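Source: prediction; values computed, not measured. As a basis for the values below, the full set of heavy atoms in this structure was taken, side chains included, without hydrogen atoms, waters or symmetry mates. All residue numbers refer to positions in the sequence shown, counting from 1.
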Amino acid sequence: MVDLKLLIVLPLLLANCFALYGPSSDIIELTESNFDKLVIRGDEIWIVEFFAPWCGHCQSLAPEYKKAATQLKGVVKVGAVNADEQKGLASRFNVPGFPTIKIFGSNKYAPEDYNGQRNAQGLIDAALIAIKNKVKGGSSGSNKDSKSDDVIELTDSNFDKLVIQSDDMWLVEFFAPWCGHCKNLAPHWSKAATELKGKVKLGALDATVHQTKAAQYGVKGYPTIKFFNVGKKSVGSAEDYDGARTSSDIVTWALEKLSQNVPPPEIVQITNELIFKENCDKPLCVIAVLPHILDCQSECRNDYIKTLTKIGERYKQKMWGWLWSEAGAQSELEAALDIGGFGYPAMVVMNSKKLKYSILRGSFSDTGITEFLRDLSYGKGNTASIRNGQLPAIEEITPWDGKDAELPPEEDIDLSDVDLNEKEEL
């Protein structure tokens, strides 16, 4: 006989199990009916996960995927396809298993497979690379005039809805039709709008007609350009644009602001080859070798990691990788980079493509590391070639559990059978 209570409870349990991403998350549900409209024909860059609700790896990824979606809000769109229900989409994009993550960037019909780390930081890094690639591709294209309709026309009536109430980043030009400087700016503003399409929105408001908004934002001359950051906005949050007025300068300034909204890099422990290569397949990677846990317990180690996180925040626009290892855990890495000769903690900055590195010779402190990285940023500092001309092998180790370590117990030695008075001849 079937238990009626089970019949009532089971569908509820299944529903909860299948709902990896609820309506309250920042992840957009994609289906066969809305996919082309939102992703293929949209201007934004998209990260899309194809998942199955019953998939254990998908369930493990879910919290990191949600975190990435929240942090990328207003920068890159993050969506999810329930491939169990949307089998046509899974077949269309040759999804071999779950979860499969694809990045729809410059060519929406040929998305790139995401093979990076399955955590929020890895997804964020991939999104920034996709943005740079798209801008680079747009800048190096033909010399045809940009479409003027990439600049969004703003008025007193639509300003709040389009700009203030959106999660997008905006640059808004307040202009007058008779203004000579505005006419000179127009082609640059249009070209920048085209190159930044899908990343930063550019708008224009005729301040001679829509005087309410012009007065609200204190516009006294033309053109006046205001910057509105991602997320919640208000009149007081608008910033003055202080860059030059060529299209390339506008694009560079806007992308700089865009990168500032990315969270600081995660300081990742080197526990296997994949983590090492993923984090060093970047312009540079910063590698810290911290003292052994017996020499520097959890509080001490966490203080070092906090220092690295703080410095990583300052240099996050560089898109470097940030790694740490315990002294002695990766002996081949230390030997190849000549780490440890000055004791621990130690640090190197490595260029994995050029197989070059530079060692921190100063103090392992906020000031010492900042000066070291600043010099490298300006092309100063001594570099050396990685030993043997190749990246070292990385040992697979167990990640640190975040706890203190204890010395192994000493063995009791039974001295009852030892005659301490007997002298042995040498």
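- In this structure, the side chains of D242 and W253 come closer than 4.5 Å at one or more pairs of heavy atoms.
- Taking the side chain as every heavy atom from C-beta outward, R374 and Y315 approach each other to under 4.5 Å.
- V348 and Y357 get closest at one heavy-atom pair: CG1-CD1, 4.3 Å.
- Within the 4.5 Å cutoff, side-chain heavy atoms of E49 are placed close to those of C58.
- Note that NZ of K257 is 4.0 Å distant from CD of E239, once rounded to the nearest 0.5 Å.
- L258 has its side chain within reach of M169: a pair of non-hydrogen atoms, C-beta onward, lies under 4.5 Å apart.
- Rounded to the nearest 0.5 Å, atoms SG (C285) and CG (N351) are 8.5 Å apart.
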Stepwise side chain to side chain contact (heavy atoms under 4.5 Å, CB included) test for F227 and I225: CA-CA 7 Å; F227 168 69; I225 301 172; over 6 Å; no
Step-by-step salt bridge (Lys or Arg N to Asp or Glu O under 4.0 Å) determination, E313 to K310: CA-CA 5 Å; E313 164 75 34; K310 182 179 178 182; over 6 Å; no
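- Checked for salt-bridge contact, K191 and D150 miss the test: no charged N lies under 4.0 Å from a carboxylate O.
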Verdict with reasoning, I250 to Y241, per side chain to side chain contact (heavy atoms under 4.5 Å, CB included): CA-CA 9 Å; I250 295 166; Y241 172 82; 3.5 Å; yes
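- Of all heavy-atom pairs between G105 and K108, the closest is O-CE, 3.5 Å.
- Here Y65 and F51 keep their ring centres 6.0 angstrom or further from each other.
- A salt bridge does not link D43 with K201: none of the charged nitrogens is closer than 4.0 Å to a carboxylate oxygen.
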Pair D26-T70, side-chain hydrogen bond (donor to acceptor under 3.5 Å, both in side chains): steps then yes or no: CA-CA 6 Å; D26 293 312; T70 299; 2.8 Å; yes
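- The distance from the CD1 atom of I152 to the CG atom of N158 is 9.5 Å, given to the nearest 0.5 Å.
- Looking only at side-chain heavy atoms (C-beta outward), Q269 and I397 come within less than 4.5 Å of each other.
- A distance-only check finds a donor-acceptor pair linking the side chain of E326 to the backbone of I293 [under 3.5 Å].
- Between F93 and F104, the two ring planes are perpendicular [angle over 60°; tilted spans 30° to 60°].
- The ring of Y304 has its center no closer than 6.0 angstrom to the ring center of Y344.
- S237 places no side-chain N or O within donor-acceptor distance of the main-chain N or O of K233, the cut-off being under 3.5 Å.
- A donor-acceptor pair under 3.5 Å links the side-chain atoms of T224 to the main chain of G221, judged by distance alone.
- The side-chain heavy atoms of V75 and I45, taken from C-beta on, include no pair separated by under 4.5 Å.
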T31/S33 under side-chain hydrogen bond (donor to acceptor under 3.5 Å, both in side chains): CA gap, chis, key distance, verdict: CA-CA 5 Å; T31 64; S33 62; 2.9 Å; yes
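- Remark: side-chain polar atoms of K66 are paired, donor with acceptor, to backbone N or O of L20 under 3.5 angstrom.
- Proximity of a side-chain donor or acceptor of E173 to a complementary backbone N or O of A204 within less than 3.5 Å is not detected.
- Looking at N279, its side chain never comes within 3.5 Å of a backbone N or O of W322 through a donor-acceptor pair.
- Here the OG1-CG distance, from T398 to N272, works out to 11.0 Å after rounding to the nearest 0.5 Å.
- In terms of modelled atom types and a separation under 3.5 Å, the side chain of K199 and the main chain of K197 share a donor-acceptor contact.
- The CD1 atom of I101 lies 8.5 Å from the CD1 atom of I103; values are rounded to the nearest 0.5 Å.
- Put simply, the side chain of K226 never gets that close to the backbone of W170: no donor and acceptor are under 3.5 Å apart.
- Sparse packing is recorded around NZ of K354, with 12 or fewer heavy atoms of other residues, nucleotides or ligands lying under 6.0 Å away.
- Counting only heavy atoms from C-beta outward, the side chains of L391 and M350 approach each other to under 4.5 Å.
- At distances below 3.5 Å, at least one donor-acceptor pair connects side-chain atoms of E278 with backbone N or O atoms of Q117.
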Verdict with supporting geometry, V230 and D167, side chain to side chain contact (heavy atoms under 4.5 Å, CB included): CA-CA 5 Å; V230 296; D167 291 319; 6.0 Å; no
Test salt bridge (Lys or Arg N to Asp or Glu O under 4.0 Å) applied to R361 and D375, step by step: CA-CA 12 Å; R361 302 291 183 182; D375 287 346; over 6 Å; no
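- Nearest heavy atom pair, residue V76 against residue I131, reads CG2-CD1, 3.7 Å.
- Taken to the nearest 0.5 Å, the CG atom of L154 stands 6.0 Å off from the CG atom of L205.
- Aromatic ring pairs are classed by plane angle as parallel below 30°, tilted from 30° to 60° and perpendicular above 60°; the pair W54 and F98 is perpendicular.
- Here disulfide bond (SG atoms under 2.5 Å apart) pairs that include residues 294-323, with residues two or more places apart or in two chains, are C296-C300.
- Contact of the H181 side chain with the L185 side chain is not registered, since no non-hydrogen atoms from C-beta on lie closer than 4.5 Å.
- Classification of the F159-F228 ring pair by plane angle, with boundaries at 30° and 60°, yields perpendicular.
- Using a distance-only test at 3.5 Å, with no hydrogens or angles considered, no donor-acceptor pair links the side chain of E334 to the main chain of A327.
- Residues satisfying the salt bridge (charged side-chain N to carboxylate O under 4.0 Å, His left out) test with E44, not counting sequence neighbours, are none.
- Classified by interplanar angle (parallel below 30°, tilted 30° to 60°, perpendicular above 60°), the ring pair W400/W324 is perpendicular.
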